K.L.:
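One structure follows; several queries about it will come next.
Keep in mind it's a predicted model, so treat the numbers as computed, not measured.
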Amino acid sequence: FDSAKVFRVKPHKEKQVNFLKNLPSNLQIDFWYPDSALHILSEMEVDFHVSADQAKYVETLLKQNGIPYEILFQNLQEDIEKQLDNKNKS
Amino acid sequence: TSKYHYTKYNEWHQISAWTARIAKKYPKLVSRIKIGNTFENRSMYLLKIGKQRNPKKAIFMDCGIHAREWISPAFCQWFVKEATRTYGKDGNMTNILDNMNFYVVPLFNIDGYVWSWTQNRFWRKNRSNASSSTCIGVDLNRNFDAAWGTIDASKNPCEEIYCGSSPESEPETKAVTTFIRSHLSSIKAYLTIHSYSQMLLFPYGYTYDKTPNYKELKELAREAAKAIASLYGKKYTYGTSAATIYPSSGCSDDWAYDQGIKYSFTFELRDKGKHGFLLPESEIKATCQEIMLAVKFLANYILRK
């Protein structure tokens, strides 16, 4: 998960919803919310995880399709390690 | 048990050993029941908590149906800790456990959880490879016999929401449903603990239709959310699954409701995306404390009914 990212996007138009629904057919997308691309609706906040090598491409596609996005996790591996509080591991 | 860490995420071998120890330490309050085996042949345990007296009402609660939602099994462990340590000291908990049993499945999707610790932190499904596809796993929360495979569940084994080859095709689902069916006369409420998104959901998910006791469930969810917010101000949204998130079929809360368990709730614990499935260990305590308030509220309501 080194440099893997989690995006949060919010599609407004039906065209953007369809774009997101089709994203998994070309790329390896792990949906965090909703559970699957099938559930995506207009105005829904959608969180998904992509690997480092696909993150840049996904970002470009989001920009091209005018889909507002933010990056919730810049480097998932770092956050996985941060989740366990090593200070407490005696 | 005094050395057990409830404010850390524990691996399955630790949780499993803990279930044995806590039953041994509190023999009059806790008993460990084996309810089946997972696809990879690990033993599935349920903890029965409550003073031995029959007949009693019961609440069934399961945690960890989705492997990557680590805060969920952490809550079940916390609940058992609170129940055992406060019984006889806290009047309310004592009253609840004197008059009601809790059936707690501390970890539903054991194989998936082990996989999430060892191979893929974001694994969701179980580890069944029963399909003809090379893809592994069934979404256990699409595998229940509640409008199975009809609405927004996938029949593609490569999807995260693959519903399996048939209702209850998975040994984990079968173990839980068999237990619940054989204790239906006493089980008055069903609680299933998930993460994330801070929600309190109730049936239905497979239809926009409202249940006959919709108003009561909505009021209970409202009060439970209020109890949660009273501690740290965390806002949990509530409503039917279909209307609050999206329609989905084969889910455990719908199945439980249709079995006749009229108080059926899904908890989606913290947070709303900042941490997602990576809720830090430093938030385990606060998350569990706030959810305890809701669970105790619901237990008191069921007792009064």
K.L.:
Just so I know, are the side chains of A:Phe1 and B:Asn120 near enough to count as touching, which here means a heavy-atom distance under 4.5 Å?
P.N.:
yes
K.L.:
Among B:Pro280, B:Ser154, B:Ser197, which residue forms the greatest number of heavy-atom pairs with chain A at distances under 4.5 Å?
P.N.:
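If we count pairs closer than 4.5 Å to chain A, B:Pro280 comes out on top.
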K.L.:
For B:Met199 and A:Tyr33, work out which heavy atoms get closest and say how close.
P.N.:
CE-OH, 3.9 Å
K.L.:
Which residue pairs pass the disulfide bond (SG atoms under 2.5 Å apart) test with at least one member in residues 122-155 of chain B, sequence neighbours excluded?
P.N.:
B:Cys135-B:Cys158
K.L.:
Under the side-chain hydrogen bond (donor to acceptor under 3.5 Å, both in side chains) test, which residues partner B:Arg124, sequence neighbours left out?
P.N.:
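A:Asp35, B:His66, B:Asp139.
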K.L.:
What are the two closest non-hydrogen atoms of B:Gly273 and A:Leu72, and how far apart are they?
P.N.:
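Nearest heavy atoms, B:Gly273 then A:Leu72: O-CD1, 3.7 Å.
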K.L.:
Can you confirm whether A:Glu45 sits close enough to B:Lys272 that some side-chain heavy atom of one is under 4.5 Å from a side-chain heavy atom of the other?
P.N.:
no
K.L.:
Would you say that B:Phe122 contacts A:Ile80 through its side chain, given a criterion of any heavy-atom pair below 4.5 Å between the two side chains?
P.N.:
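With C-beta onward as the side chain, the pair touches.
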K.L.:
Where does the angle between the aromatic ring planes of B:Tyr196 and A:Trp32 fall among parallel (under 30°), tilted (30 to 60°) and perpendicular (over 60°)?
P.N.:
perpendicular
K.L.:
Residues two or more places apart in sequence or in another chain: which of them pass side-chain contact (heavy atoms from CB on, under 4.5 Å) with A:Asp2?
P.N.:
A:Asn75, A:Gln77
K.L.:
Given a strict heavy-atom distance threshold of 4.5 Å, which part of B:Glu159 is in contact with chain A: side chain, backbone, both, or neither?
P.N.:
side chain
K.L.:
Check whether any side-chain heavy atom of A:Phe31 sits under 4.5 Å from a side-chain heavy atom of B:Glu160, and report yes or no.
P.N.:
no
K.L.:
So which heavy atom on B:Tyr9 is nearest to which on A:Gln83, and how close?
P.N.:
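Heavy atoms of B:Tyr9 and A:Gln83 come nearest at CE1-NE2, 3.5 Å.
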K.L.:
Could you please state which residues from residues 245-258 of chain B sit under 4.5 angstrom from chain A, measuring non-hydrogen atom to non-hydrogen atom, sorted by number, or 'none'?
P.N.:
B:Ile245, B:Tyr246, B:Pro247
